[in-house]
Protein chains: 2
Amino acid sequence: MVRSRAAVVAGAAELLLNDGPGAVTIDAVVQRTGVARSTIYRHFPTSTDVLRAAVEAVLPVSVPGESGDDDGERPNPTQLRDALRRRLRATADHLVGGAWTRALPALLELVARDPSLEEHRAQIVARHREPLLDLLRVVRDAGLLPADADLAVVADRLLGPLFYRRLVSGEPLTHELCDHLVDTVLTPGDPR
Amino acid sequence: MVRSRAAVVAGAAELLLNDGPGAVTIDAVVQRTGVARSTIYRHFPTSTDVLRAAVEAVLPVSVPGESGDDDGERPNPTQLRDALRRRLRATADHLVGGAWTRALPALLELVARDPSLEEHRAQIVARHREPLLDLLRVVRDAGLLPADADLAVVADRLLGPLFYRRLVSGEPLTHELCDHLVDTVLTPGDPR
DNA sequence: TCAGTACGAGACAGTATCGTACCGAAAGGG
DNA sequence: CCCTTTCGGTACGATACTGTCTCGTACTGA
């Protein structure tokens, strides 16, 4: 009973990532997973619920971990800057290679259409930004950011260009760009 | 001949904006516009082409004009900074109120699914960024940006956070944010 | 007046998806 | 060994959309 449900969700998630939300069809899930229609409808009241479960299953997974830097050491500025660079690079890599590339447009479309998914979107984004905000807090306490800096805005300045390039302009995400963004945020006296 | 085609495109665009790309159906366009099926198929080979025309019709319109600053006057730095602020504010307003809010997720979904639309996306983005890049070129020539600054990256740093907020995080776009972004880009010696 | 054209109206077959209903096989407990 | 639960396998009706086709009408210029 649990197994078949999990298979349905997994198959629907694959379809969502590979072919978009429009491809998450009962028939497609049946054919992909081998689970019978009747079984699917025994677990989910309607096909929309299957899609929701797939969205829920896909997106939280793709939040990059990369913690463990928070060892209470009292790192020096250079270490902090490098940590921030690594974090942003990891985010960029995740944005390029991971499920986000496929799932994000689908999720945005779904949210634009179904406001009841808005809550999920907020949770997902919050979970995504949290590690970065934690790191930025440390960075600010270390004096690398103004004490009154709005960390949310700083996060926007770091993540925004990455997402913009990935989603909108289609330009490549390089590690150089990440480092450059970190520099523009961190050291107010370093132009370019 | 022109009238009915225009009506089809307009109706399809409305459907695209109101109910998403999945709602752009021949039947729906017929019912909305009063144009007959046969007429639609006389103008467009397939329903996908109707959708393409709708996308094309919606998005270029929403590129804000706001030119006319280019009068070869030789403006002073304050004027340039204000012009950049106005331009970014206009972009933000357009992002909030205009068709972009609805159309962009739809377009991103379409592009993710149909690679042949990639070209359209690139054109649209280019047309969207061009005025900003022109302005940035003037700004750089005036010495408000480093002479070797990569204007594309500067544009990313201005537009990225706006699009990120609008598309991903859902946070509000304020004029203060726009001004702040302009400040972080322009004056390398002004932190916060 | 007449022919050409653009257009509306709608029928039609083909396909895809949905959700339901019914049947039979496999498995596990009593 | 039987009985209940769980599940796969279809068959089915109901829609919705597509693309093609035919027919009738209004306009337009020679």
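Computed from a predicted structure; not experimentally measured. So you know, we letter chains A, B, ... as the sequences are listed, proteins then strands, and number each from 1.
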Q. Within the side chain of A/D19, is there an N or O that forms a donor-acceptor pair under 3.5 Å with the backbone of A/L15?
A. no

**Q.** Rounded distance (Å) that lies between atom P of C/dT17 and atom CG of A/D19
**A.** 12 Å

Q | Partner residues of A/A152 under the side-chain contact (heavy atoms from CB on, under 4.5 Å) criterion, sequence neighbours left out | A | A/R129, A/D150, B/E171

Q.
Less than 4.0 angstrom between a side-chain N/O of B/H43 and OP1 or OP2 of C/dC7, yes or no?
A. yes

(Q) Rounded to whole Å, please give me the gap between CD1 in A/I26 and C1' in D/dT10. (A) 16 Å

Q: State which of C/dC18, D/dT18, D/dG8 makes the closest approach to the side chain of B/S47.
A: D/dT18

**Q.** Side-chain N,O (A/T46) to OP1/OP2 (C/dG19) below 4.0 Å
**A.** yes

Q.
Please pick, from C/dC7, C/dC18, D/dT18, the nucleotide with the shortest atom-to-atom distance to any side-chain atom of B/S4.
A. C/dC7

Q: Search all heavy atoms of A/V185 against all heavy atoms of A/L145 and return the closest pair with its distance.
A: O-CD2, 3.5 Å

Q: Sequence neighbours left out, what passes side-chain contact (heavy atoms from CB on, under 4.5 Å) with B/T33? Give chain and number order.
A: B/V29, B/V35

Q: Indicate for each nucleotide in nucleotides 21-29 of chain D, in 5' to 3' sequence, whether protein heavy atoms under 4.0 Å reach the base (B), only the sugar-phosphate (S), or nothing (-).
A: B--------

Q: Just call it for A/V30: base, sugar-phosphate, or nothing, with non-hydrogen atoms closer than 4.0 Å on any strand.
A: nothing

Q: For B/D93 and B/H175, test the side chains for any donor-to-acceptor distance below 3.5 angstrom and give the result as yes or no.
A: yes

Q: Using atom types as modelled and distance alone, determine if a side-chain donor or acceptor of A/R140 lies under 3.5 Å from a backbone N or O of A/A149.
A: yes

Q: Nearest whole angstrom, please: distance from the C1' of C/dA6 to the CD1 of B/I40.
A: 14 Å

Q: Would you indicate which nucleotide in D/dT18, C/dC18, C/dC7 comes nearest to any side-chain atom of A/Y41?
A: C/dC18

Q | Nearest-Å distance for atom pair CG/C1', residues A/D27 and D/dT10 | A | 12 Å

